[in-house]
Amino acid sequence: MNDYVCTVRGYIYEPKLGDPDAGIKPGTDFKEIPEDWECPDCGSSKEDFEELVEEE
């Protein structure tokens, strides 16, 4: 599971941490988050996030 970054404010969603304040449990993949979830920092939608791909 990769992290995702908000392209508006730079918030990074980390699946290993989830978003407990929004009811997203640790270990939840970004793709499993409800479509109406918003960035905790700025309120942007999931569409404003981009996947951070780990370089090997």
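One is the number of the first residue; the rest follow in order along the sequence. In what follows, every heavy atom counts, from backbone to side chain, and hydrogens, waters and symmetry copies are set aside.
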Donor-acceptor pairs under 3.5 angstrom involving side-chain atoms of residues 10-23: please list them, not counting sequence neighbours.
from	atom 1	to	atom 2	distance (Å)
Y13	OH	T28	O	2.6
D19	OD2	W37	NE1	3.0

Is any side-chain heavy atom of L52 less than 4.5 Å from a side-chain heavy atom of N2? no
When clusters are formed from ILVMFWY side-chain contacts under 4.5 Å, directly or step by step, what else is grouped with M1? none
Give, for atom OG1 of T7 and atom CG of D48, the distance between the pair rounded to the nearest 0.5 Å. 5.0 Å
Kindly compute the distance separating CZ (R9) from SG (C39), expressed to the nearest 0.5 Å. 8.0 Å
Would you give the length of the straight line joining atom CD of E38 to atom SG of C6, rounded to the nearest 0.5 angstrom? 11.0 Å
Taken in chain and number order and not counting sequence neighbours, the residues that satisfy salt bridge (Lys or Arg N to Asp or Glu O under 4.0 Å) with E35 are K46
